[in-house]
Amino acid sequence: MVSPPGDSGNVHGVQRDVPGACPLDCPDGCSWIVTVRDGEAVRLRGTPDHPFTRGALCNKVARYLDHTRAPDRLLHPLRRVGDKGEGRFARISWDDALGEMAQRLLAIRGEHGGEAIWPFQGTGTLGYLQGLEGRAGARLWNVLGASDHAATICSAAGTSGLRRTLGTNATIDPEGFAHARLILLWGSNPLSSHHHFWKFVLAARAQGAHVAVIDPVRTRTAAQADEHLAPLPGTDAALALALMHVVVRDGAHDEAFLRERCEGWETFREHIAAYPPERAAAICDLPVERIEALGRRLATTRPTAIRATMGIQRHAGGGMTLRTLASLPAVTGDWRLAGGGLSYSTSGLFHGDIAALTRDDLRPHPVRSLSMTRLGELLEDADPAVRALVVYGANPLASNPDTARARAALAREDLFTVVIEQVPTDTTDYADLVLPSTMQTEHLDVHDGYGHLYLAWNEPAVEPPGECLPHTEIFRRLARAMGLREPALYDDDLTLARALLDSGHPTLAGITVERLRRDGWARLGHPSPLTPFADGFPTPSGRLRLPIEEPYTPPAEAAAPGEDRLALIAGASHWFLNSMFANAPAQLARAGGPAVALHPDDAADRGLADGDEVEIGNERGSFRAQLVVGATARRGVAATTKGHWPKLLAGGTNVNAVVEERDADLGGGAVFHDCAVWVRAVAHAGAVTAGSLARWPSVS
């Protein structure tokens, strides 16, 4: 039984269940229950009656309570006493920390203007109060006139591409995949990165659905599919055009839908005609008969549902890739069918009042936008210069591209850096001040999921350890220390939650703070199954906008990496979530050190053998890993995973040392999967990471 809201659970001998939600950067946005006994969280489990979570948590989050009690947990404010990068600090009081921060930020704003302050927020929590979805702290930064933070690291190129095509980034409800008869998992590995979705794939399969995975890497999911196509990285749009070519050639396209519900059909039809399977086979390095066979299956199977997640758009043509993939269900007519269409994100289907929460109207003037994936470049060259960096929910020295450049920029002595964190990361080592923040069981928040249609309430289950504070409270106290008088800066968390939910949108009818606190979760008021564009597309004409420009933009490096180079893919780890849990001993033991997988031919060409310690690099930098030779990677690809902390690795670098600070074609998105590298044996091999061996997850 879920306990009444406001009951702290600290009465001796009393056991309570407290509703909550996983805060992490995952489409599944799980609803959970924390069991509290004598004021201590003693059990964490998925909410059994939640239609998407269904009582299950992933291997990463199942140990979250251990994470809250980690021996390296930050518990008190700290001031730097060594050089930047050394990670040497002295404990100070909250009053001293906020007083110093207030004085420094006010001085910087007075001398250089508010835009010299960069609030740098990542995906460490996606909550609407404490995290990125609600731009935690936005009211304070708006009052100060700080630079706007562009969160471009995850899905920006694909989001921009979908908005240009559909008028929104909101796509079909993943639960609808249960009704599909052909499922294309395109650049998506749900069995490692969002496993709750898989139950809907299995439901479709039980009704005879065919499951195809399109991915350069043989992932856990690819190993479970009915078929796996492994194109060269970044060539997905060319493959999609060839599949549409077969559909149109065979007369199986939905001419009525294309003429009545779409713009640009005649031009797009010419683009499709220019990509016969033979051309795509050469671009993608795939057998032409495999493309023909999947094209014929696509032409004759309704409904078809496509699942494309964020990895597919992290290259120079990522935005156009999503434009092209979103056009495929228009050609087949699947957008009109329950169980048909494309799934990328459901974020746009939540219509909370973000404007009331963030209050951009408090800005004294328009401000510039700074892209988080260009951190090194902007700290070096922005005009006006960035003088203060406030980092929260982010560990850019593990997660940003070109980490050597970012590290050098963070070492600037004239840069005042504050890091709000839970554990001592690579990035905290460069902070002037470190402020300890709460974890999910210790604060209030509101969550949705970008892979389902449910809201969740996160009630604080236990008191924070040490002197940890929620982000909302840190920003309230900072505003007070700065002497700011705007009343909106001091709204409590319940008031913020009500501002978010009181939008008046019909899909939020009846969903109140009181209901969420009582029940723990609620489904948004959309039909089920959802056909999101049954009444038209949210474009000026009400029609889907097919690309009229060239619909395939090749990657800059990955499709043709050059002599002795391979295309590097760094997918999601099965054991870490981005860089979260990469300091947790249990997860590190399960993950082992970094591994890189090569095709046997590529290993033989380089004189390498399974188990060798290798260095992977290019002109930007390098990192070390243990080599796994086998069927995981196709020829021409080096496959690894992201998430390891550089300071815990030999050489002090991870995979992002080789990735360029460069934008995709749309939205300023990152290009993590558009990277060419060499792979060489390490002359004097040492431990890849202390006390562990690299292991690649089994896909047998």
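Positions are given from 1 along the sequence.
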Residues at least two apart in sequence or cross-chain that pass salt bridge (charged side-chain N to carboxylate O under 4.0 Å, His left out) with R477, listed by chain then number, are E473
For L106, the side-chain contact (heavy atoms from CB on, under 4.5 Å) test, sequence neighbours excluded, returns R109, M482
For A406, the side-chain contact (heavy atoms from CB on, under 4.5 Å) test, sequence neighbours excluded, returns L375, L397
- Item | Polar side chain donor-acceptor pair, H505 to S503, under 3.5 angstrom | no
Across all chains, not counting sequence neighbours, the side-chain hydrogen bond (donor to acceptor under 3.5 Å, both in side chains) partners of D361 are R359
Taken in chain and number order and not counting sequence neighbours, the residues that satisfy side-chain contact (heavy atoms from CB on, under 4.5 Å) with T358 are R135, A138, I354, D360
Those residues at least two apart in sequence (or on a different chain) that pass salt bridge (charged side-chain N to carboxylate O under 4.0 Å, His left out) with E661 are R405
Next on the checklist: If you count every heavy atom of other residues, nucleotides or ligands that lies below 6.0 Å from R73 atom CZ, does the total exceed 12?
Outcome noted: yes
Report task. Would you confirm whether the ring centroid of F475 sits within less than 6.0 angstrom of the ring centroid of Y392? Result -> yes
Margin query: Does this structure show an ion pair linking R518 with E459, if we count only N-O contacts that are shorter than 4.0 Å?
Written below: no
Salt bridge or not between R104 and D432? Use side-chain N to carboxylate O under 4.0 Å.
no
Between N59 and Q587, is any side-chain donor less than 3.5 angstrom from a side-chain acceptor?
yes
### Query
In terms of side-chain geometry, is the basic nitrogen of D491 or R498 positioned less than 4.0 Å from the acidic oxygen of its partner?
no
Checklist entry - Is a side-chain N or O of Q422 found less than 3.5 angstrom from the main chain of S437, in a donor-acceptor match? => result no
Donor-acceptor pairs are to be reported for all side-chain atoms of residues 110-126 against protein atoms at under 3.5 Å, with residues two or more places apart or in another chain.
| residue | atom | partner | partner atom | Å |
| --- | --- | --- | --- | --- |
| E115 | OE2 | R368 | N | 2.6 |
| W118 | NE1 | H149 | ND1 | 3.0 |
| Q121 | NE2 | G131 | O | 3.0 |
| T123 | OG1 | D25 | OD2 | 3.3 |
| T123 | OG1 | N578 | ND2 | 3.4 |
| T125 | OG1 | G127 | N | 3.3 |

Quiz item: For residues T472 and Q130, is any side-chain donor paired with an opposing acceptor at under 3.5 Å?
Solution: yes
Side chain to side chain donor-acceptor pair (under 3.5 Å) pairs touching residues 526-535, sequence neighbours excluded, are none
Sorted by chain and residue number, the side-chain hydrogen bond (donor to acceptor under 3.5 Å, both in side chains) partners of D148 (sequence neighbours excluded) come out as R363, S369
Under a plain distance cut-off of 3.5 Å, with no hydrogens placed, do H50 and S31 share a side-chain donor-acceptor pair?
no
Residues at least two apart in sequence or cross-chain that pass side-chain contact (heavy atoms from CB on, under 4.5 Å) with A56, listed by chain then number, are H195, H196
- Task: Go through the side-chain N and O atoms of N400 and N656 and say whether any donor and acceptor fall under 3.5 Å apart.
- Result: no
Practice prompt. Carefully, step by step, assess T152 and T373 under the rule side chain to side chain donor-acceptor pair (under 3.5 Å).
Written response: CA-CA 6 Å; T152 52; T373 48; 2.9 Å; yes
- Item | Y454 side chain to T53 backbone, donor-acceptor under 3.5 Å | no
Between R45 and D17, is there a side-chain N and carboxylate O pair less than 4.0 Å apart? yes
The test is side chain to side chain contact (heavy atoms under 4.5 Å, CB included); show your working for I92 and L78 and say whether it passes. CA-CA 6 Å; I92 58 175; L78 304 171; 5.9 Å; no
Residues passing the salt bridge (charged side-chain N to carboxylate O under 4.0 Å, His left out) test with R54, sequence neighbours excluded, are none
Around atom CZ of R43, are there more than 12 heavy atoms of other residues, nucleotides or ligands at under 6.0 Å? no
The salt bridge (charged side-chain N to carboxylate O under 4.0 Å, His left out) partners of R374 (sequence neighbours excluded) come to E377, D663
